[in-house]
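To find a chain, count down the sequence lines: A is the first, B the second, and so on, and within it residues start at 1.
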Amino acid sequence: MIQIKNLKKIYQTKKQKVQAVDDVSLTINQGEIFGVIGYSGAGKSTFIRLINRLEEPTSGSIEIHEKEITKMSANELRLKRQKIGMIFQHFNLLWSRTVYDNIAFPLEIAGVAKSEIKEKVMELIHLVGLSGKENNYPSQLSGGQKQRVGIARALANDPEVLLCDEATSALDPETTDDILDLLVSINQKLNLTIILITHEMHVIQKICHRVAVMENGKVVEEGDVLDVFVRPQSKTTKRFVQQLNPLEHQQDKLAEFINDRDDSEVIKLHFIGKNTKRALISEIAKKFDVEVNILQGSISPTQEGSYGTLFIELNGANDVLTKTIEYMKQAGVEVEVLKHA
Amino acid sequence: MLSEWFPNVIPEDLWIATQETMYMTVVSVIGTLILGVMLGLLLFLTDRGSLWENRAVYGVTAIIVNVFRAIPFIILILLLFPFTDFLIGTIRGWKAALPALIAGTAPFYARLVEIAFKEVDKGVIEAAKSMGAKAHTIIFKVLLPESMPALISGLTVTAIALIGYTAMAGVIGAGGLGNAAYLQGFQRNNFDVVVACTIIIIIIVFIFQFIGDLIAKAIDKR
Ligand SMILES: Nc1ncnc2c1ncn2[C@@H]1O[C@H](COP(=O)(O)OP(=O)(O)O)[C@@H](O)[C@H]1O
Ligand SMILES: [Mg+2]
């Protein structure tokens with residue numbers, strides 16, 4: 001478990017003070033993938049670099065497995081860092097070393113014996129799917145392969161936590177998904193806690209269990225990914241959720257479907273978790289004397305289950321419509337009436 | 001044919017002069033490499049925002065480097081006469097040229113070394129820190145290998161400047177091809193000896209350039 005309390009970082013530049021991280025408190029559970037999302041300049045990189053003290057906190061405390069990072073001497077910190085893996089947006093591999101030697105580097109730093117290094121490196125190369133590439137130099141690898149080396153290197157000393165600073169932001173969408181899949185499989189195989197920061201909601205949706213939204217150095221919203229997706233509270237969070245589900249901001253396009261007939265209603269449905277698998281629409285069409293017209297729909301899988309959004313138009317007698325809506329609410333689906341009859 | 005074009009050249013003497021030039025160059029290149037890398041490292045590491053940030057050490061080192069770079073080489077030799085006499089025991093012969101040669105080129109090379117280190121990706125140094133590397137590990141396993149092509153090509157440039165300096169030192173008594181060109185050639189009106197020395201110096205420069213380029217290219221895996 002990682003416990004962060006009242007963490008602050010103030011950069012003092014010649015012209016001004018920048019409060020890059022402003023009183024952040026978070027608890028990150030063992031074995032979870034915790035995402036931090038925010039726009040550029042929100043303080044995400046500063047936040048993640050405070051965790052292994054690549055930046056010195058101005059105040060506050062960080063505990064990893066009950067050990068207070070913030071109180072450690074330079075030497076204690078150095079040893080602790082061997083147990084905190086980190087991967088970077090631009091991979092930061094040594095171009096002068098082969099894949100094998102890049103992955104061996106943290107083991108050399110930790111003083112591991114040569115024979116053990118060999119065994120461990122080959123195991124890691126296999127884990128990240130780079131078998132056969134061990135003698136290549138980074139310049140001979142694609143972006144995705146470079147990040148795989150970065151991941152293998154970060155895992156070399158069996159870390160307690162993996163920090164990812166925009167690990168997929170320099171990659172194309174397909175490669176991003178491959179790397180995210182790799183992170184999930186590592187999280188499950190090794191029960192490794194992962195903290196990642198990103199500006200892409202897609203990354204959060206695809207692999208995170210919990211998320212914190214950062215703005216101006218502060219955490220403005222925090223919770224289970226599914227909850228945050230379905231019920232975003234802050235304006236920033238809503239914008240991020242929209243980024244992922246273009247339907248949400250196409251609502252005005254639905255206006256043309258919304259007519260003035262008083263026997264029709266336009267409704268937005270939120271399906272969460274197991275409800276996404278339910279054939280609710282055919283149920284109501286059979287059960288009630290209504291016509292269902294499907295306008296738009298989408299479904300988004302997350303680590304904690306899926307959630308879907310569906311826009312439908314219901315036609316029928318007024319009291320039947322009311323009953324139908326009531327029935328859908330009973331079924332555990334969130335119903336939002338966009339246009340009243 | 002050779003004796004036709006170069007009637008006054010004594011091959012044995014020219015060979016000795018060539019050897020002396022080579023000795024001077026090779027030993028000074030080694031000295032320059034060691035001293036230059038140490039000074040360059042000190043400049044890099046004590047600079048603002050670096051590993052051992054220290055304004056006083058940086059300031060003093062920078063002043064020493066700049067002062068030695070500012071002194072014209074021919075004057076530096078004269079200035080260092082007492083020091084050379086103390087260190088080598090003589091002020092004549094190729095060995096006596098070494099202190100001045102190294103003092104003249106090491107500060108120049110130190111600046112090239114500093115620039116080479118500054119060009120190492122900050123992210124890679126940061127990655128090493130995030131793995132818990134000690135300072136000496138960062139120096140020997142990150143800074144030096146990652147900047148090696150620039151260190152080598154910088155050394156090539158320095159070595160070629162150094163060959164020029166050996167000739168200057170030769171004129172005032174340090175032996176070598178510069179000395180031969182001046183004493184046996186210029187002073188005795190044997191212009192063919194001057195030309196022969198020039199050709200050999202050009203060949204030596206080309207060899208150094210060729211070897212330097214070859215090594216820099218071979219180790220650059222970027
Ligand atoms: N070394 C620094 N010195 C001064 N200001 C900084 C420094 N690093 C970051 N900042 C400032 O702190 C804020 C947060 O930056 P950063 O953590 O990089 O944000 P993000 O990663 O979310 O884009 C920005 O306003 C940035 O300009
Ligand atoms: Mg950033």
Side-chain angles (χ1 to χ4, degrees), chain A residues 45 48-49 51-55 72 74-99 101-112 135-141 146 149-150 153-157 159 161-166 170, chain B residues 33 37 40-41 44-55 112-113 115-155 212-222:
Chain A
S45 294
I48 204 156
R49 291 156 52 81
I51 296 176
N52 61 359
R53 271 174 65 188
L54 282 176
E55 298 287 351
M72 286 181 178
N75 203 46
E76 285 172 319
L77 176 65
R78 212 173 47 67
L79 293 172
K80 185 71 177 178
R81 277 179 180 167
Q82 296 175 2
K83 290 286 175 191
I84 305 175
M86 191 168 198
I87 57 176
F88 306 87
Q89 179 173 4
H90 299 293
F91 324 122
N92 297 351
L93 304 178
L94 283 88
W95 62 256
S96 57
R97 285 178 171 235
T98 59
V99 167
D101 288 331
N102 263 289
I103 301 172
F105 189 36
L107 295 163
E108 290 168 22
I109 289 172
V112 176
N135 293 322
N136 286 45
Y137 284 91
S139 63
Q140 300 166 316
L141 302 178
K146 282 182 195 153
V149 178
R153 182 176 75 173
L155 297 178
N157 284 317
V161 54
L162 179 64
L163 308 175
C164 312
D165 186 351
E166 302 269 6
Chain B
L33 175 65
V37 167
L41 253 181
F44 176 81
L45 292 173
T46 57
D47 200 358
R48 198 144 19 116
S50 196
L51 255 58
W52 299 338
E53 178 171 343
N54 186 323
R55 289 189 90 128
L112 296 183
V113 170
I115 292 168
F117 288 162
K118 276 187 177 162
E119 259 151 38
V120 172
D121 186 356
K122 298 276 164 301
V124 176
I125 296 172
E126 187 142 274
K129 276 192 207 165
S130 82
M131 294 173 215
K134 288 184 181 145
H136 79 85
T137 310
I138 294 179
I139 293 169
F140 288 103
K141 295 200 168 185
V142 180
L143 270 180
L144 286 173
E146 292 282 298
S147 62
M148 201 49 87
L151 294 182
I152 298 288
S153 49
L155 192 64
D213 289 351
L214 209 67
I215 297 174
K217 200 161 172 246
I219 58 173
D220 197 346
K221 308 287 184 192
R222 275 172 291 191

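Taking CG of A/Leu93 as the reference point, atom CG of B/Asp121 lies at 10.0 Å (rounded to 0.5 Å). Atoms CD and NE2, from B/Glu126 and A/His90 in turn, are 12.0 Å apart once rounded to the nearest 0.5 Å. Here the straight-line distance linking atom CD1 of A/Ile109 with atom NZ of B/Lys134 works out to 10.5 Å at 0.5 Å rounding.
Heavy atoms closer than 4.5 Å to chain A are found in both the backbone and the side chain of B/Val142. At a 4.5 Å heavy-atom cutoff, the contact between B/Ile219 and chain A is made by backbone atoms alone.
Exactly one of A/Ile87, A/Leu54, A/Asp165 qualifies for a side chain to side chain contact (heavy atoms under 4.5 Å, CB included) with B/Ser130. That residue is A/Leu54.
Ranking A/Pro159, A/Gly150, A/Ser139 against chain B, the residue ahead of the rest is A/Ser139, based on heavy-atom pairs under 4.5 Å. Listed options A/Arg53, A/Arg153, A/Lys83 were ranked by heavy-atom pairs under 4.5 angstrom with chain B; first place goes to A/Arg153.
For B/Arg55, the CZ atom sits in a loose shell: 12 or fewer heavy atoms of surrounding residues, nucleotides or ligands are nearer than 6.0 Å. Remark: B/Lys217 NZ is loosely packed, at most 12 non-hydrogen atoms of other residues, nucleotides or ligands lying under 6.0 Å away.
Between A/Arg97 and B/Lys141, the shortest heavy-atom distance links the atoms NH2-CD, 3.7 Å. Taking all atoms of both residues into account, the shortest heavy-atom contact from B/Met131 to A/Gln82 is O-CG, 3.2 Å. Scanning all heavy atoms of the two residues, the minimum distance from B/Lys221 to A/Trp95 falls at N-CZ3, 3.4 Å.
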